[in-house]
Amino acid sequence: MEVAAGSASSATPFRGTVVVSGLASDAHTWNLVYLQLLIEELGYHVVNLGPCVPDAVLVETCRRIDPALIVLGSVNGHGRTDGLRVVARLRDCPELVATPTVIGGKLTVSDEDASLFAPELLEAGFDAVFPDRAAHPVEFTAFVAALPAAPRRGLSIGGPE
């Protein structure tokens, strides 16, 4: 699995590391690239795990990196199903139980209002849910910008030292 790491502008203070990831069943990449660029503009180092990330790989990578935020994106419509499963695994890990974790995108394959599933995802352990067509990018940006800056520390994968 290739890990793409970007760097925020040197004029922007370092705020921490964010893990961006697709879900195990989702092969889409452009949404993850967009999220990476947006988050980097807010001063974070981003580790983009890419598409089709197995749950165990996501959990182990996040344990090793200790990110300030975990961002999961869905385009294929299985965000709700995959999200419920993976957030349980993340929250079962003592090192990640308090790590802010969000999900967004297409959460269901039906034409149902995806925001109807937000309460279930929040109750399962997500800190915020940004459903496609129900959430505006400004809401996500505000959420990320409101996170406290993490102390600068070394990373094990291509990040700032």
Side-chain angles (χ1 to χ4, degrees), residues 1-24 26 28-75 79-80 82-105 107 118 121-132 135-161:
M1 171 169 298
E2 184 166 328
V3 176
S7 62
S9 163
S10 59
T12 306
F14 177 74
R15 297 202 47 174
T17 297
V18 173
V19 170
V20 170
S21 180
L23 297 161
D26 200 321
H28 294 88
T29 58
W30 284 111
N31 59 317
L32 305 174
V33 172
Y34 173 81
L35 287 167
Q36 177 177 344
L37 294 172
L38 178 65
I39 295 165
E40 286 175 345
E41 285 181 8
L42 296 171
Y44 289 89
H45 168 75
V46 175
V47 174
N48 186 339
L49 298 180
C52 297
V53 178
D55 297 355
V57 171
L58 175 65
V59 171
E60 278 308 306
T61 302
C62 290
R63 284 182 68 227
R64 190 171 59 251
I65 292 173
D66 188 24
L69 173 65
I70 301 167
V71 178
L72 304 176
S74 174
V75 175
R80 175 178 165 252
D82 287 353
L84 289 171
R85 185 188 65 249
V86 77
V87 78
R89 296 212 40 200
L90 290 165
R91 295 307 185 214
D92 282 345
C93 182
E95 300 93 333
L96 302 172
V97 72
T99 303
T101 303
V102 302
I103 190 168
L107 302 177
L121 290 161
L122 292 167
E123 188 172 317
F126 283 102
D127 295 282
V129 178
F130 302 96
D132 187 34
H136 193 277
V138 171
E139 295 172 49
F140 174 75
T141 302
F143 179 90
V144 176
L147 292 172
R152 191 173 185 101
R153 60 185 180 267
L155 297 173
S156 61
I157 300 179
E161 292 295 326

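Atom set for the values below is all heavy atoms of this structure, side chains included, hydrogens, waters and symmetry mates excluded.
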Please assess L90 against L58 for the test side-chain contact (heavy atoms from CB on, under 4.5 Å), listing each intermediate value before the final yes or no.
CA-CA 8 Å; L90 290 165; L58 175 65; 4.3 Å; yes

Just to verify, what does V33 make a side-chain contact (heavy atoms from CB on, under 4.5 Å) with, not counting sequence neighbours?
W30, L37

Contacts of R85 that satisfy side chain to side chain donor-acceptor pair (under 3.5 Å) - sequence neighbours left out:
D55, D82

Taking it one step at a time, do T61 and V53 satisfy side-chain contact (heavy atoms from CB on, under 4.5 Å)?
CA-CA 11 Å; T61 302; V53 178; over 6 Å; no

Can you list the steps and then say if V102 with F143 is a side-chain contact (heavy atoms from CB on, under 4.5 Å)?
CA-CA 10 Å; V102 302; F143 179 90; 3.5 Å; yes

What are the two closest non-hydrogen atoms of P67 and L96, and how far apart are they?
CD-CD2, 4.5 Å

How close do L23 and S74 get, heavy atom to heavy atom, and via which atoms?
CD1-CB, 4.0 Å

To the closest 0.5 Å, what do you measure between CD1 (I39) and OG1 (T17)?
11.5 Å

For D92, check side chain to side chain donor-acceptor pair (under 3.5 Å) against everything at least two apart and list the hits.
none

E139 meets the side chain to side chain donor-acceptor pair (under 3.5 Å) criterion, sequence neighbours left out, with none

Going from CD on E40 to CG on N48, what distance comes out if it is rounded to the nearest 0.5 angstrom?
9.0 Å

Just to verify, what does D132 make a side chain to side chain donor-acceptor pair (under 3.5 Å) with, not counting sequence neighbours?
none

For V75, which residues count as a side-chain contact (heavy atoms from CB on, under 4.5 Å) partner, sequence neighbours excluded?
D26, H28, N31

D127 side chain to T101 backbone, donor-acceptor under 3.5 Å
yes

How long is the gap from CD on E95 to CZ on R64, to the nearest 0.5 Å?
12.5 Å

Residue set satisfying side-chain contact (heavy atoms from CB on, under 4.5 Å) with P131, at least two apart, ordered chain then number -> L107, A114, S115, V129, A134, A135

Closest non-hydrogen atoms of P100 and A68, given as atom of the first, atom of the second and distance, are CD-O, 3.4 Å

Can you list the residues that meet the side-chain contact (heavy atoms from CB on, under 4.5 Å) rule with V87, with sequence neighbours excluded?
R91, A124, F126

Nearest heavy-atom approach of T29 to P51 is CG2-CG, 3.5 Å

What closest approach, in Å, do Y44 and V144 show between heavy atoms, and which atom pair accounts for it?
OH-O, 3.4 Å

Atom OG1 of T141 and atom NE2 of H136: how far apart are they, to the nearest 0.5 Å?
9.0 Å

Give, for atom CG of L49 and atom CG of L32, the distance between the pair rounded to the nearest 0.5 Å.
9.0 Å

